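Taking it in order: structure first as structure tokens, then the write-up.
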Amino acid sequence: MQLDRDKIEAAIAPLRVARSMPADIYTSPDIFAAEREKIFLRHWFFLCREDQLPNPGDYRSFDTQGGPIFLVRGQDGVLRCFANYCRHRGSLLVKGSGNCGARIMCPYHAWSYFSDGRLYGCPDMQDAEGFDRKENGLVPLRIDSWAGFVFVNFAQDGPSLEDQLGDLPERFASHRMDRMRCTWTTEIEAGCNWKLFLENAMETYHTGTVHRDSIGAQTQRAIPTRGDWLCMQVLSRTSIGSLDRSRAPFDPIPGLDEDAREGTYFTLLHPLTQFAVAQDCMWWLNVTPLSADASRIEIGGCFPEDTVALPDFAERAAPYQERWLRVAREDIGILEDQQRALASALFRPGPLSGRDDMVHEAGRWHVARLLD
Ligand code: FES
Ligand SMILES: [Fe+2]
């Protein structure tokens, strides 16, 4: 991996004199490979909500930069995460999501595993010398959760999820996200680097132009954080979760603290996730990096249980989903153009605005890990 030290120094200089990142941070396959080792395989990353796998046997599979993995709820009710490959000759065990009952059977030679990962059946293995069933269970990943959000980590050691999240649980304590339910998810392909998408999600400098006809111009304030996350708040006492001005949004969450009533928090949970937390709901943008110039974005929406129980919930939630998808598509449009332009042989990093403060912070975090 070749990094232009002068350009990197300029990018991490104090904001008022800083330049944007050199283009290869977003375009180089070598840097992408280094990110895999130094970032994707070393940090906790968000997968989904616990309530998306409510029953024993429920599973969901994910393609990640560490390879295919899956979550499964055991017969004991415990959620576990495993590498998605068979210990015989490595077939993929599950695809998509569903319910596997008490056991998962490999579709290749019919080995089978208990949903807690232990190997159960392995036909015709009597000739294999030293073969021990106990040593051939599924390979687990570290898993932890906060307020119903499930995170996993490929590294077997290193900081806990609690350390990584820092003061995030405190900041969102009054939103009672443990009482929310995920009601909708969708995926979009984006022809841009994963970092471009998350930088864009952390500034309102572009909203008056890119989202002129949807959410429009916004003002933000920086929220100080402790831990591996960034936060800003877009100021509006009315929820900006929906674009439908013809009807009032859902009621605010009871007991919201004074700060939370002021607007919607936009966060970057390093490395790959944004939680947007409004007065009446939360939604996430979760990025799966595919290559230096391609990503998959999942959008997910959650509402408080009491809101979900309303008789007209589905009808009233639809404009929220439309807004999340529309705004993400508008962003991806501009980001795919930016990705193409960054490939210019004549590209030179540009000066930053005070309104790029979170972009600058995100870049500093990234570079510090890359150079580690
Ligand atoms: S690869 Fe799974 S049983 Fe052979
Ligand atoms: Fe945007």
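Atoms within a ligand are numbered from 1 in the order they appear, just like the ligands themselves. These numbers come from a predicted model, not from an experiment.
Among the backbone and side-chain atoms of Glu330, no N/O/S atom is found under 2.8 Å from the Fe ion (ligand 2). Within the 2.8 Å limit, His109 places at least one N, O or S atom next to atom 4 (Fe) of ligand 1. For Cys106, every N, O or S atom stays at 2.8 Å or more from atom 4 (Fe) of ligand 1.
At the shortest separation from atom 1 (S) of ligand 1 among protein heavy atoms lies Arg89 N, 3.4 Å.
Remark: Arg142 fails to qualify as a cation-pi partner of Phe154 under the 6.0 Å distance and 45° angle criteria applied to the six-membered ring.
Interface of Ser91 with ligand 1, defined as ligand atoms under 4.0 Å from a residue heavy atom, comprises 1 (S). Of all atoms in ligand 1, numbered sequentially from 1 with element shown, those under 4.0 Å from a heavy atom of Trp111 are 3 (S).
When only modelled atom types and interatomic distance are considered, Asp124 and His109 share no side-chain donor-acceptor pair under 3.5 Å.
Residues Phe46 and Phe151 place their aromatic rings such that the two centres sit under 6.0 Å apart.
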Atom pairs and distances, side-chain donor-acceptor, residues 303-319, under 3.5 Å, sequence neighbours left out:
from: Glu305; atom 1: OE2; to: Arg181; atom 2: NH2; distance (Å): 2.5
from: Glu315; atom 1: OE2; to: Arg247; atom 2: NH1; distance (Å): 3.3

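Between Phe172 and His175, the ring-plane angle classifies as perpendicular under the 30° and 60° cut-offs.
The Fe ion (ligand 2) forms the vertex of an angle spanning OD1 of Asp331 and NE2 of His206; to the nearest 10 degrees it equals 100°.
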